[in-house]
Engineer: 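Here it is: the structure, laid out below.
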Amino acid sequence: MVYGPKQICSQRPGNRQRLNLSVGFARLLAGLQLAAACCVLVADDGALKLFKKGEQAEKAHKMARAYLLYSEAAAQDPYNAKYWLRAQSVRVQAILESPPKIRTKAAPGTEQLKPLPPGESSISKKDLEEARKPQAPFELRGRSGRQTFQLKGDFKALYEKVAKAFGLDVVFDGDYQAGQPIKLTIEDADCRDALLQLNAATDSFLIPISTKVFLVAKDVPQKRTELEPHVAVVVPIPDPVSLQEAQELAMAVRQIMEINKFQFDGAQRLALFRDRISKVRPAEALYEQLLHPRPDVMVEVDFVEVDRSASWSAGLNLPQTVPFVAVGDIPNYTPAIPPGYDRIYTFFGGKSLVGLGVMPAQLMATMSRGFSRTLLKARIRAADGQPATFHAGDRYPVMTAGYFGDTSSAAGTIYAPPPSFNFEDLGLSIKLTPQVHGSDEVSLDIEAEFKVLGGQSLNGIPVISNRKIQSRIRLRSNEWGIVAGLMSSNDARTIAGLAGLAQVPLLGPLLRSNTSDTSNTDVLVVLKPQILGIAPSDYATRAIWTGSEGRPLTGL
């Protein structure tokens with residue numbers, strides 16, 4: 001409770017004593033806060049002095065002493081991340097400068113573990129699992145906006161000024177040399193562009209340690225190998241892309257970016273790249289662009305077959321053969337009329353010994369016409385570069401071998417092997433492989449075959465009529481094209497009659513039979529493609545900056 005001056009005077013003695021106690025406690029608390037602030041100032045001043053001494057030891061190439069001084073400064077001021085990061089940057093050089101001494105191993109059973117501090121316990125299984133999880137590499141998150149710099153100083157001073165301008169901290173590798181002072185102008189650049197220009201000007205490269213701190217080292221192959229982080233990236237393969245094509249693309253990307261370790265899992269449809277981050281990140285971006293979904297092509301196929309036939313027959317069918325039959329009085333012989341003949345004519349009033357068989361003449365006139373049309377329509381959808389097969393029809397069994405000999409003998413029944421068959425695919429079979437060119441043109445590799453049963457057979461095996469085409473055609477989208485056409489025409493004329501009489505002018509056509517057969521067959525295969533989706537040439541690709549071969553760009 002707070003009291004004013006007038007209120008203090010108006011209070012009773014007991015209340016006045018309570019007031020004096022409250023005022024004393026407030027003064028004691030203020031004194032303690034002032035003492036704590038002085039201790040912090042003293043600690044900060046001591047940590048800063050240790051840090052300055054560490055910098056002097058680092059310049060004198062006394063890495064072990066520099067590491068100890070940086071560590072003491074970090075211990076006195078644990079909230080200053082700069083002290084700890086500088087200690088970690090010289091830790092490797094300190095270890096090489098003063099290698100640890102090898103101690104002999106104590107006898108079994110004599111080791112004694114130190115007791116854990118209060119509140120601490122052994123490492124749990126969950127902590128181990130969390131520690132084993134791979135962490136993604138850091139990316140710097142500097143202040144947004146673009147700035148212009150007029151820089152002058154050595155390499156370290158330039159990095160410190162640029163880092164401070166974007167709200168970042170910088171530490172340097174223990175072997176990094178500040179170099180001679182230079183002048184550098186960076187105009188209208190954001191954080192990434194400014195750091196990349198600074199890398200090129202100082203022949204250095206940087207590694208993000210956290211989102212606000214980065215390490216700078218000399219850009220030499222040895223430092224690249226030691227300091228640049230290695231990452232493993234898994235890229236999933238889309239379903240429309242075949243495994244063979246995805247594997248070929250992955251091998252091409254590996255050769256372009258010189259990736260050391262590469263694995264391809266066809267069962268899970270995954271591709272893995274593992275190498276330095278400056279190689280893996282561009283390889284991942286390039287591979288994802290190459291695996292863009294391919295467009296589909298819808299192909300409408302029409303198979304048209306038209307058969308036309310006409311035949312007519314007219315004339316007089318005269319007997320073309322005359323049999324001689326014995327009709328005389330011959331012992332034990334009875335005259336008989338041959339089959340197909342109506343009567344027998346004799347000579348000399350029946351007194352001849354030989355007669356002639358007579359067949360009746362026929363006057364005929366017939367005509368027939370036939371027309372048939374077969375139309376097969378099919379629609380096939382296939383991905384760009386992937387074959388698609390379509391079959392419409394039946395599988396007809398055709399016997400290829402059989403036993404037709406005697407199956408009986410004196411010993412019993414002889415074993416007869418069962419016949420063997422092959423199955424023929426009757427009907428229409430089409431295999432198409434589209435290749436998209438731009439957004440309005442398609443090339444098609446075509447293999448079409450049409451099989452039907454013929455009207456004849458040989459030894460009980462039917463004759464199969466086959467029409468086949470194999471071609472490549474290039475069409476525009478939604479444009480009809482005739483792939484194949486077959487036209488066959490047959491014209492046959494037959495004359496039958498008595499030799500000599502059939503060729504007599506004017507009278508010959510009346511004494512003979514005239515037959516004419518005409519047949520025409522037209523076969524057409526037409527198709528129309530239609531592009532579904534975006535053509536590969538219409539995808540917007542982005543440039544991937546990788547740097548030079550000797551100095552690749554690291555992820556910032």
Side-chain angles (χ1 to χ4, degrees), residues 40-41 43-59 63 66-67 69-91 93 137-219 223 227-229 277 547 551 553-556:
V40 171
L41 292 176
D44 290 345
D45 188 26
L48 182 61
K49 289 182 179 179
L50 291 174
F51 181 76
K52 295 296 184 181
K53 291 181 180 179
E55 287 183 337
Q56 295 175 1
E58 183 180 355
K59 292 181 179 179
M63 299 301 174
Y67 176 72
L69 292 172
Y70 288 149
S71 301
E72 292 180 4
Q76 292 190 12
D77 189 2
Y79 297 101
N80 195 330
K82 185 177 181 180
Y83 298 162
W84 179 83
L85 292 173
R86 185 61 67 87
Q88 295 300 315
S89 64
V90 300
R91 183 173 61 88
Q93 289 78 8
F138 292 105
E139 293 183 0
L140 293 178
R141 298 179 183 176
R143 294 195 188 102
S144 59
R146 309 181 74 87
Q147 301 185 32
T148 299
F149 299 92
Q150 298 289 339
L151 303 175
K152 181 179 180 181
D154 57 18
F155 297 166
K156 292 186 177 181
L158 298 184
Y159 274 106
E160 291 174 350
K161 292 179 182 179
V162 173
K164 184 178 180 180
F166 289 103
L168 303 175
D169 290 330
V170 57
V171 293
F172 299 94
D173 181 63
D175 298 333
Y176 189 76
Q177 301 296 329
Q180 298 295 328
I182 62 172
K183 294 182 179 180
L184 180 63
T185 301
I186 302 176
E187 297 182 354
D188 192 26
D190 57 6
C191 180
R192 176 183 173 83
D193 293 339
L195 292 177
L196 291 178
Q197 294 184 40
L198 197 55
N199 287 347
T202 60
D203 194 16
S204 309
F205 76 100
L206 59 90
I207 304 288
I209 299 177
S210 67
T211 57
K212 294 295 184 180
V213 183
F214 61 91
L215 171 69
V216 178
K218 191 69 175 178
D219 195 354
K223 289 297 180 181
L227 300 178
E228 188 174 355
I277 190 172
R551 298 179 58 188
L553 297 179
T554 57
L556 301 182

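What you are looking at is a predicted structure, and each value in this text was computed from that prediction instead of being measured.
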Engineer: For residues Tyr70 and Ala87, report the shortest heavy-atom separation together with the two atoms involved.
Structural biologist: CB-CB, 3.5 Å
Engineer: Kindly indicate whether the side chain of Tyr67, heavy atoms from C-beta on, has any atom under 4.5 Å from the side chain of Glu58.
Structural biologist: no
Engineer: Which pairs pass salt bridge (Lys or Arg N to Asp or Glu O under 4.0 Å) with one or both residues in residues 168-177, sequence neighbours excluded?
Structural biologist: Asp173-Lys223, Asp175-Lys223
Engineer: Measure across Leu50 and Gln76 and return the closest heavy-atom pair with its distance rounded to 0.1 Å.
Structural biologist: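 Closest pair (atom of Leu50, atom of Gln76, distance): CD1-NE2, 3.4 Å.
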Engineer: Please say whether the positively charged group of Lys161, taken as NZ for Lys or CZ for Arg, lies over the ring of Phe149, i.e. under 6.0 angstrom from the six-membered ring centre and within 45 degrees of the axis.
Structural biologist: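 Relative to the ring axis of Phe149, which defines the angle, Lys161 lies outside at least one limit.
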Engineer: With rounding to the nearest 0.5 Å, note down the distance linking CG in Asp219 to CG in Leu227.
Structural biologist: 11.0 Å
Engineer: When you compare the side chain of Thr202 with that of Tyr176, does any pair of heavy atoms fall below 4.5 Å?
Structural biologist: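 Yes, side chains in contact.
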Engineer: To the nearest 0.5 Å, tell me how far Leu151 CG sits from Thr185 OG1.
Structural biologist: 7.5 Å
Engineer: Could you grab the distance from atom CD of Glu228 to atom CZ of Phe205, nearest 0.5 Å is fine?
Structural biologist: 6.5 Å
Engineer: Check whether any side-chain heavy atom of Leu69 lies under 4.5 Å from a side-chain heavy atom of Tyr83, and answer yes or no.
Structural biologist: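 Side chain of Leu69 against side chain of Tyr83, heavy atoms only: no contact under 4.5 Å found.
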Engineer: What closest approach, in Å, do Cys191 and Leu168 show between heavy atoms, and which atom pair accounts for it?
Structural biologist: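 Result for this residue pair: SG-CD1, 3.7 Å.
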Engineer: Which value, rounded to the nearest 0.5 Å, describes the distance between Gln177 atom CD and Ser204 atom OG?
Structural biologist: 11.0 Å
Engineer: Do Tyr159 and Asn199 have side-chain N/O donor and acceptor atoms under 3.5 Å apart?
Structural biologist: yes
Engineer: Leu158 versus Ile182: any side-chain heavy-atom pair under 4.5 Å?
Structural biologist: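 Leu158 reaches Ile182 side chain to side chain.
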Engineer: To the nearest 0.5 Å, tell me how far Asp154 CG sits from Gln180 CD.
Structural biologist: 9.0 Å
Engineer: So which atom in Phe172 and which in Arg86 form the shortest heavy-atom distance, rounded to 0.1 Å?
Structural biologist: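 Looking at all heavy atoms of both residues, the closest pair is CD1-NH2, 4.4 Å.
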Engineer: Can you confirm whether Leu195 sits close enough to Phe214 that some side-chain heavy atom of one is under 4.5 Å from a side-chain heavy atom of the other?
Structural biologist: yes
Engineer: Would you say the side chain of Arg146 lies within less than 4.5 Å of the side chain of Asp193, judging by non-hydrogen atoms?
Structural biologist: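 Touching, per the 4.5 Å side-chain cut-off.
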Engineer: Determine the minimum heavy-atom distance between Leu140 and Ser210, stating which atoms define it.
Structural biologist: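 In this case the closest contact between Leu140 and Ser210 is CD2-O, 3.5 Å.
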Engineer: Do you know the tightest heavy-atom contact between Gln147 and Phe166?
Structural biologist: NE2-CE2, 3.8 Å
Engineer: Is it the case that atom CD in Glu55 sees more than 12 heavy atoms from other parts of the structure closer than 6.0 Å?
Structural biologist: yes
